[in-house]
Protein chains: 2
Amino acid sequence: MASQQKTSRKAAAAAIRRPQARAANGRAHAGDAGDDIGLDALVGHAGYAVRRFQLWIFQDFIKTLATVDIRPTQYSVMTVIGANPGLSQMAVAKRLGIERARLVHLLDSLEERDFVSRIPSATDRRSHALHLTARGRSALAQFKRLAAEHERHVADKIGKDNRERLLQILACFT
Amino acid sequence: MASQQKTSRKAAAAAIRRPQARAANGRAHAGDAGDDIGLDALVGHAGYAVRRFQLWIFQDFIKTLATVDIRPTQYSVMTVIGANPGLSQMAVAKRLGIERARLVHLLDSLEERDFVSRIPSATDRRSHALHLTARGRSALAQFKRLAAEHERHVADKIGKDNRERLLQILACFT
DNA sequence: TATTGTTATACTCTATAACTATA
DNA sequence: TATAGTTATAGAGTATAACAATA
């Protein structure tokens with residue numbers, strides 16, 4: 001998709017290392033010490049703030065659920081299956097905006113850990129009805145407690161009211 | 001890091017395909033038609049809403065700047081260099097929360113397109129002072145106009161006031 | 001010894017395409 | 001022919017580790 005392709009990365013890098021006279025500034029480098037590095041247009045972009053926020057929030061989720069080794073996407077899959085037993089893989093993939101090819105691997109790992117089972121559909125032999133196992137149900141209950149703890153971290157970080165406002169603003173994306 | 005590893009994905013999949021009697025439900029599948037699939041705990045999680053929002057916002061950014069073939073991270077790198085000429089790679093990486101190893105490749109591609117140049121530092125021969133080229137400066141001006149258009153799409157989607165509120169709430173992450 | 005830029009590796013995620021077995 | 005699940009591949013993105021040149 002890129003309009004230009006990797007032509008001569010090595011050659012370019014070598015050329016760079018060849019000293020070309022001219023120093024940049026009097027001081028060593030801008031931003032070397034106290035970080036007064038401006039973001040310019042970036043501060044006005046919702047996407048930049050949202051990206052940084054998402055990095056933080058996912059890292060906290062992963063850390064908070066590290067003892068049970070569950071990542072955000074795995075949690076979302078188990079939650080939706082738990083709330084809607086019998087769903088097909090296509091239905092779960094569509095609902096969560098996950099590629100169906102990727103869901104295959106996610107379910108493989110959840111099935112290996114005996115959290116989820118793929119039961120042949122009675123009506124359509126191409127598809128599987130997804131269910132939590134007994135172990136999966138009790139595990140999910142624990143995951144939800146840990147996820148609630150993570151959610152409290154979010155509230156601590158941005159403020160309880162701001163978290164509520166955020167959920168309202170973004171409700172149209174869920 | 002995962003506590004359990006890929007043991008027998010193939011074997012498990014094969015076992016699944018073996019018909020195991022028992023149908024799931026009377027109806028075909030939950031959620032096959034009208035999507036009344038509940039999200040359960042997910043609706044209360046800021047991380048889920050933020051993830052969905054970020055997918056939307058990045059896709060719109062990429063689409064809006066497709067004609068110039070610039071992605072969000074490339075835009076953020078050029079913007080920061082444009083606002084702070086002479087920055088080292090470490091400084092840019094730290095400021096934007098990008099791995100310095102990844103920034104190497106990002107700069108390679110931006111340098112190949114003659115948007116950015118790595119100038120040997122006068123004071124520290126290990127590091128480079130990053131600058132936009134003349135071409136990079138005029139290109140960035142155009143990218144900013146397109147990014148502003150993208151930002152209007154965001155405002156259209158969630159509302160002008162909500163966008164402002166969002167930026168305020170997430171200001172601590174920039 | 002520590003740091004800068006670089007290279008390399010591995011794993012996650014996204015985006016496709018193609019295959020099979022069904023419908 | 002179309003769809004569900006699967007497999008495979010390629011490209012971003014993230015997380016590391018290690019190396020050479022330099023501090």
Side-chain angles (χ1 to χ4, degrees), chain A residues 1-2 5-6 9-10 12-14 16-17 19 28-29 31-33 51-52 54-56 58-59 62-63 69 71-74 76-77 87-94 96-109 111 118-130, chain B residues 1-2 5-6 9-10 12-14 16-19 28-29 31-33 51 54-56 58-59 61-63 69-74 76-77 87-94 96-109 111 118-130:
Chain A
M1 304 312 171
Q5 284 309 351
K6 41 205 64 175
R9 188 189 294 174
K10 289 291 176 56
I16 295 316
R17 266 185 292 274
H29 274 303
D32 266 4
R51 170 182 162 254
R52 299 297 300 243
Q54 222 223 289
L55 287 180
W56 184 90
F58 266 51
Q59 276 165 13
I62 292 167
K63 202 194 315 167
D69 190 28
R71 297 171 61 85
T73 312
Q74 297 175 306
S76 69
V77 169
L87 239 40
S88 71
Q89 296 185 192
M90 273 304 293
V92 170
K94 261 190 222 159
L96 292 176
I98 300 172
E99 286 296 319
R100 71 185 201 274
R102 200 184 147 225
L103 186 60
V104 171
H105 302 297
L106 285 166
L107 290 174
D108 284 348
S109 80
E111 205 167 32
R118 288 187 253 221
I119 297 176
S121 165
T123 54
D124 186 341
R125 289 167 61 197
R126 291 173 304 181
S127 75
H128 301 151
L130 300 172
Chain B
M1 301 316 172
Q5 285 308 353
K6 40 205 66 177
R9 188 189 294 174
K10 292 289 178 57
I16 296 314
R17 266 186 293 273
R18 207 183 311 130
H29 276 302
D32 266 2
R51 170 181 163 256
Q54 221 223 285
L55 287 180
W56 184 91
F58 265 51
Q59 276 164 13
F61 187 100
I62 292 167
K63 203 195 316 170
D69 191 26
I70 284 290
R71 297 172 61 85
T73 312
Q74 297 175 306
S76 70
V77 168
L87 239 41
S88 71
Q89 297 186 192
M90 272 305 293
V92 170
K94 263 190 219 157
L96 292 176
I98 299 172
E99 286 297 319
R100 73 185 199 274
R102 203 186 144 222
L103 185 60
V104 172
H105 302 296
L106 285 166
L107 289 174
D108 283 347
S109 80
E111 206 167 31
R118 288 186 253 220
I119 297 175
S121 166
T123 54
D124 186 341
R125 290 167 60 197
R126 291 172 304 180
S127 74
H128 301 152
L130 300 173

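Predicted model, so just to flag it, every value in this text is computed and none were measured. All chains are named by letter (A, B, ...) in the order of the sequence lines, taking the proteins before the strands, and each is independently numbered beginning at 1.
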Practice prompt. Determine, for nucleotides 15-23 of chain C in 5'-to-3' order, which nucleotides have protein heavy atoms under 4.0 Å from the base (write B), from only the sugar-phosphate (write S), or from neither (write -).
Written response: SB-B--BBS
Worksheet entry | Minimal non-hydrogen separation, A:L103 against A:A93, with atom names | CD2-N, 3.9 Å
Worksheet item: In whole angstrom, what separates A:R52's CZ from D:dG13's C1'?
Response: 14 Å
Worksheet entry | Contact under 4.0 Å: B:Q89 side-chain N or O vs C:dT3 OP1/OP2 | no
Worksheet, complete the sentence: Atom CD of A:Q74 and atom C1' of C:dC11 are separated, to the nearest Å, by 13 Å
Discussion item. Please report the interatomic distance OG1(B:T73) to CZ(B:F58), rounded to the nearest 0.5 Å.
Written reply: 6.0 Å
Item to complete: Give a yes or no answer on whether the side chain of A:Q89 reaches the backbone of A:H128 with a donor-acceptor pair at less than 3.5 Å.
Response: no
Item to complete: Tell me which of A:L55 and A:L103 sits closer to the 5' end of DNA chain D, going by the nucleotide each one is nearest to.
Response: A:L103
Worksheet item: Picking from D:dG5, D:dT7, C:dT6, which would you name as closest to the side chain of B:R118?
Response: C:dT6
Discussion item. I need the minimum non-hydrogen distance between B:R51 and A:G97, along with the two atoms involved.
Written reply: NH2-O, 4.1 Å
Worksheet item: With a 4.5 Å heavy-atom cut-off, do A:V77 and A:I98 have their side chains touching?
Response: yes
Worksheet item: To the nearest angstrom, how far is B:H105 atom NE2 from D:dA10 atom P?
Response: 18 Å
Discussion item. Below the 4.0 Å mark, does C:dT3 have OP1 or OP2 next to a side-chain nitrogen or oxygen of B:S127?
Written reply: no
Discussion item. If I compare all heavy atoms of A:R118 with all of A:L130, which pair ends up nearest, and what's the gap?
Written reply: CG-CD2, 3.6 Å
Worksheet item: Please give, in whole Å, the distance from C:dT6 C1' to B:H128 NE2?
Response: 10 Å
Worksheet item: Roughly how far apart are B:L106 CG and B:L96 CG, rounded to 0.5 Å?
Response: 9.5 Å
Worksheet item: Roughly, in whole Å, what's the span from CD1 in B:I98 to P in C:dG5?
Response: 13 Å
Worksheet entry | Atom-pair distance (CG on A:L130; C1' on D:dA4), nearest Å | 11 Å
Practice prompt. Take atom CE of B:M90 and atom P of D:dT22, then tell me their distance rounded to the nearest Å.
Written response: 18 Å
Practice prompt. Indicate, with a heavy-atom threshold strictly under 4.0 Å, whether A:I62 touches base, sugar-phosphate, or nothing.
Written response: nothing
Practice prompt. May I have the distance from B:L106 (atom CG) to D:dT14 (atom C1'), rounded to whole angstrom?
Written response: 12 Å
Fill in: Residue-phosphate contact under 4.0 Å: A:R51 side-chain N/O, D:dG13 OP1/OP2
no
